[in-house]
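The next block holds one structure in the form of structure tokens; read it before the comments.
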Number of protein chains: 2
Amino acid sequence: MAELPPVVARMWDREPTTRRGPRPRLDLATITMAAIEIADTEGLAAVSMSNVAAQVGVAPMALYRYVGSKDELLTVMAESAVPPPPERGNLSWRAYLATWTRLNRDLLLSRPWLLDLRQSTPPMGPRRLLWLDRALDALSGTGLDDGEKFNAATALTGYALTNATLTHSLGAGGEKFAAGAKGATEYGEILAEVLDPATYPALSAMMNSGLLRDSTGWMEDADFRFGLDLLLDGIEALIARSAR
Amino acid sequence: MAELPPVVARMWDREPTTRRGPRPRLDLATITMAAIEIADTEGLAAVSMSNVAAQVGVAPMALYRYVGSKDELLTVMAESAVPPPPERGNLSWRAYLATWTRLNRDLLLSRPWLLDLRQSTPPMGPRRLLWLDRALDALSGTGLDDGEKFNAATALTGYALTNATLTHSLGAGGEKFAAGAKGATEYGEILAEVLDPATYPALSAMMNSGLLRDSTGWMEDADFRFGLDLLLDGIEALIARSAR
DNA sequence: AGTCTACTCTGTACGACATACACGATAGCT
DNA sequence: AGCTATCGTGTATGTCGTACAGAGTAGACT
């Protein structure tokens, strides 16, 4: 029986019910909600212990009664921001996983600070695991083995993440990205200016044909579906193969 | 003609050749190499302006003559850490993209701090763009249009990234991940302890069948190939379809 | 009831960090 | 020779995460 890391315990409400001392004025949920609200409105950079504490009306150090460190708080935020997964209904595995992945991506786009958080941790909270469970469940009739199902779900989440990242950085969010360019158009202009056709033959040919120049329609929904179908086609091929 | 953001200009050596004043004692390349060495040996957290400055024997503020901000330095690091892409040889597009993606992932695993860096920026440096160019080039005989080629390359890079992230966080690297667990085995134990089979039917069934318990062979190369083949199969299907 | 003590929140303090600013030194330019 | 753009330095500021010690609170124990 492994010992639960403190954050995990807190995410699953495994805290021992308090015995002595003054009643806590807060709980983890309100702190987390306050932090999320700050992240939503002012960005992740504004989520400092001081700001969060001020938001809930408490001295900064009080937060450490509920959270071991700022990193823990961020982890809990990443978990709490996740809504329940979509209902299966009577969708085929493919249709379900398509909306599952799309909603996953939409979540990341609606809360861009999730992109800045380290997704490097495998899911441990109840909500993220529920998503995982539903994806596995959708694949349960297909004859794939456990490892294949898990890998398929992983690949889909990963795609949602990278697509959201790309869409957001190029996108209408209006956020500057690190290099200072403002969007797909400017990105294309920069590339066109800098590329030597001799060393970058394929890329500069693509630039000349104007891919990024007419930036309407760039990174539209079709581009998301493209990669999604790539993966779903792959899964479908795998299912067909393992049915034999 | 778009104005080049300063970092981009620096990455492409577009700096005006210096005219007046004392000869610079440094250049961007040595600063970047020093920063990369620190990141390689002590992790990204140790890359502070003071540390980098100390490494090259200069006062911290001197770095700002070469770099506009720490963020810029990180961007340049992410670019400079990239080796040249593999040679095409006479590989099929599929074989080439397979090793292309694998090397991409191996790079991320060998320099884990790249995972911590914001990959949210589309590639702008010469080295990353060279990788992109080679992938596009590999697809040039396949009849895909520009957008499809670009999206395919994007999906593959994304997969390399998410797979490297997952492998690294579960992996033998021995790094703790944010929640404090130590690896796949412990992860499995935590899940087993916490999951209610009623609300997580598929997941807890998978746990009981022992997927994560025998952690040898977990996240081995086969798991990487699995997702890779998913994508490549998808691309292949697309090529076949668009050939008609 | 009175005492103990675990637990709450607060205030202060420290060390790290990114970076703004002003200064003296340097070396090409006129 | 003198001007001036540029270079590296030293100092300073504001922010941050968090360690620590203390004062108040309220259930547990006698």
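Each chain gets a letter, A, B and so on, in the order its sequence line appears, and its residues count up from 1. Computed from a predicted structure; not experimentally measured.
For the pair B:D27 CG and D:dT6 C1', the interatomic distance rounds to 16 Å; values are reported in whole Å. Whole-Å rounding puts the A:E72 CD to D:dG17 P distance at 14 Å.
Contacts between residues 47-62 of chain B and DNA chain D, counted as heavy-atom distances below 4.0 Å, involve B:V58, B:A59, B:M61, B:A62. Of all the residues in residues 35-42 of chain B, not one reaches under 4.0 Å from DNA chain C with any non-hydrogen atom.
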Show each protein N/O and nucleotides 26-30 of chain D N/O combination with a separation under 3.5 Å, one pair to a line.
{"residue": "D:dA28", "atom": "O4'", "partner": "A:R20", "partner atom": "NH1", "Å": "2.8"}

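The overall bend of the helix from C:dA1-D:dT30 to C:dG28-D:dC3, read as the angle between its terminal helix axes built from five base pairs each, is 0° when rounded to 10 degrees.
Listed candidates were D:dG17, C:dT8, C:dA18. Nearest to the side chain of B:K70 is C:dA18.
Using a 4.5 Å cut-off on side-chain heavy atoms (C-beta onward), A:R134 and B:P201 make contact.
Side-chain polar atoms of A:N104 and A:W131 form no donor-acceptor pair below 3.5 angstrom.
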Between A:L115 and A:H168, is a side-chain contact (heavy atoms from CB on, under 4.5 Å) present by the stated rule, with each step listed? CA-CA 9 Å; A:L115 297 172; A:H168 179 255; 3.9 Å; yes
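The line from OG of B:S204 to CG of A:L136 is 10.5 Å long, rounded to the nearest 0.5 Å.
One N or O donor and one acceptor, one from the side chain of B:R65 and one from the base of D:dG8, sit under 3.5 Å apart.
Residues passing the salt bridge (Lys or Arg N to Asp or Glu O under 4.0 Å) test with B:D27, sequence neighbours excluded: none. Scored by the salt bridge (Lys or Arg N to Asp or Glu O under 4.0 Å) test, A:D106 finds no partners at all (sequence neighbours excluded).
Residue-to-nucleotide proximity on DNA chain C shows that, of B:Y64 and A:L26, the 5′-proximal contact is made by A:L26.
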